[in-house]
2 protein chains.
Amino acid sequence: MKIGELAKAAHVEVETIRYYERIGLLPAPARSDNGYRAYAGMHLERLAFIRHCRTLDIALADITRLLRFVDDPSAECAEVNTLIDTQLARIRARLDSLRTLEQQLVVLRSQCDAPDRAAQCGILHELEAPTLGDACVCHDERRQ
Amino acid sequence: MKIGELAKAAHVEVETIRYYERIGLLPAPARSDNGYRAYAGMHLERLAFIRHCRTLDIALADITRLLRFVDDPSAECAEVNTLIDTQLARIRARLDSLRTLEQQLVVLRSQCDAPDRAAQCGILHELEAPTLGDACVCHDERRQ
DNA sequence: GCTTGACCCTGTAGCGGCTACAGGGTGTGT
DNA sequence: ACACACCCTGTAGCCGCTACAGGGTCAAGC
């Protein structure tokens with residue numbers, strides 16, 4: 001399997017595959033006589049695993065750790081659970097901050113419904129408020 | 001005002017200020033005889049504006065555009081509204097995908113409660129499922 | 001006057017996870 | 001014979017900082 005075929009099969013860019021090889025995430029494959037990379041089924045499996053983890057937003061360094069368990073099925077898998085727990089905690093923290101952010105933007109957006117000149121724009125006024133040491137509508141309660 | 005004082009006043013790292021100057025976001029200040037940057041009140045105001053926008057996760061390129069309205073109060077502010085709307089849409093899209101992600105991770109996590117050897121680990125099994133062309137619990141409905 | 005330490009300067013490289021070239025070689029079809 | 005799609009390596013760019021290295025400046029204390 002050439003790199004373009006692997007890329008198509010795994011729905012990944014060719015450059016991404018070479019990148020994974022460069023950082024040691026995907027093992028370097030054999031080479032054909034012409035120097036082209038020649039991939040085996042194992043590479044597609046591994047790449048599918050990596051992409052599945054990436055859809056779960058797991059960091060490449062963590063994927064490296066997960067792959068060690070794939071390679072050593074007799075190992076204790078407690079670390080796998082911890083890793084997923086940590087990942088979940090990260091996502092939830094990010095969700096919290098994005099929810100806050102959304103509210104701040106909604107409030108901010110409500111400051112200007114009829115666009116006029118910038119001098120009158122409620123949004124710009126709010127953005128400028130802390131500039132003058134004033135409170136702003138979007139960060140009323142000062143939570144970060 | 002020296003850079004360290006400005007940094008303290010605006011709760012920003014010194015390096016960040018120099019970075020903003022380098023990319024043209026914060027105007028280069030006058031220099032003292034010893035070559036130190038000498039900031040005026042205007043710089044603190046501008047930096048406060050930038051940081052306020054950053055807490056709203058507005059991109060630096062967009063902040064540059066917002067600053068043009070600060071500098072030209074007679075301009076039409078319609079672009080400001082558009083910009084905030086776009087920002088809000090981005091945040092909401094990200095929220096949606098994070099919410100999906102959270103559910104996927106919750107389901108995945110439920111596959112392994114009692115850590116055992118990797119060969120038995122339900123989490124690893126699920127992560128490996130697409131590797132074999134199987135469906136996985138976390139991406140049942142194939143959305144994205 | 002000499003040292004210490006806190007600050008300032010410039011310039012460059014690193015983070016993550018790719019993406020996008022430039023500048024070349026190879027293989028296939030007409 | 002040529003076009004064109006694919007492959008190769010190597011390097012730089014994206015974002016928003018952060019972290020150095022290797023130097024200069026200044027005030028306080030001995």
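Each chain gets a letter, A, B and so on, in the order the sequences are listed, and its residues count up from 1.
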Open item on the list: Judged by each residue's nearest nucleotide on DNA chain D, which is more toward the 5′ side, A:Ala38 or A:Arg22?
Closed with: A:Ala38

Open item on the list: Closest approach to the side chain of A:Tyr19, judged atom by atom: which nucleotide of C:dT10, D:dT18, C:dC18 is it?
Closed with: C:dC18

Task: Separation of atom CD in B:Glu21 from atom C1' in D:dG16, rounded to whole Å - done: 17 Å

Task: Options D:dC7, D:dC8, C:dC18, nucleotide nearest the side-chain atoms of A:Arg54 - done: C:dC18

TODO: Round to a whole Å and report the spacing from CG of B:Leu47 to P of D:dC17.
DONE: 11 Å

Open item on the list: Quick check: is B:Leu88 connected to A:Val107 through a chain of hydrophobic side chains (ILVMFWY, heavy atoms under 4.5 Å apart)?
Closed with: no

Open item on the list: In this structure, how many angstroms lie between the P atom of C:dT28 and the CD atom of A:Glu5, rounded?
Closed with: 11 Å

- [ ] Whole angstrom is fine here: how far is it from CD1 in B:Ile23 over to P in D:dC17?
- [x] 8 Å

Open item on the list: Please compare B:Glu15 and A:Glu15 by the position of their nearest nucleotide in DNA chain D and report the one closer to 5'.
Closed with: A:Glu15

Task: Out of D:dT25, C:dC18, D:dT18, whichever nucleotide has its closest atom nearest the side chain of B:Asn34 - done: D:dT25

Task: Between P of D:dC6 and CD1 of A:Ile17, the distance in whole Å - done: 14 Å

TODO: Measure from the side-chain N and O atoms of A:Glu126 to the backbone N and O of A:Val137, and report whether any donor-acceptor pair falls under 3.5 Å.
DONE: yes

- [ ] For the side chain of B:Arg37, starting at C-beta, report the closest nucleotide among D:dC17, C:dA20, C:dC9.
- [x] C:dC9

- [ ] Classify the nucleic acid contact of B:Arg18 as base, sugar-phosphate or nothing, counting any heavy atom under 4.0 Å across all strands shown.
- [x] base

- [ ] Send over the distance from A:Glu13 CD to D:dC6 C1', rounded to a whole Å.
- [x] 14 Å

TODO: Establish, with yes or no, whether the OP1 or OP2 oxygen of D:dT18 is under 4.0 angstrom from a side-chain nitrogen or oxygen of B:Thr16.
DONE: yes

Open item on the list: Regarding A:Ile3, tell me which of base, sugar-phosphate or nothing describes its non-hydrogen contacts under 4.0 Å with the strands shown.
Closed with: sugar-phosphate

Open item on the list: Taking only side-chain N and O atoms of B:Arg51, does any of them lie within less than 4.0 angstrom of OP1 or OP2 on D:dG16?
Closed with: no

TODO: Can you check whether any acceptor in the base of D:dG24 is under 3.5 Å from a donor in the side chain of B:Tyr36, or vice versa?
DONE: yes

- [ ] Nearest whole angstrom, please: distance from the C1' of C:dC7 to the CG of B:Leu6.
- [x] 15 Å

Open item on the list: Please identify which of these residues, A:Ile17, A:Ile63, A:Thr16, meets the side-chain contact (heavy atoms from CB on, under 4.5 Å) condition with A:Ile50.
Closed with: A:Ile63

Task: Minimum-distance nucleotide (side-chain atoms of A:Leu60 versus C:dG17, C:dC9, C:dT26) - done: C:dG17

Task: Length of the line joining A:Asp33:CG and D:dC7:P, which is rounded to integer Å - done: 17 Å

Open item on the list: Checking the side chain of A:Gln87 only, and the main-chain atoms of A:Asp57 only, is there a donor and an acceptor separated by less than 3.5 Å?
Closed with: yes

TODO: Taking the side chain as every heavy atom from C-beta outward, state whether B:Arg31 and B:Arg37 have any pair of such atoms under 4.5 Å apart.
DONE: yes

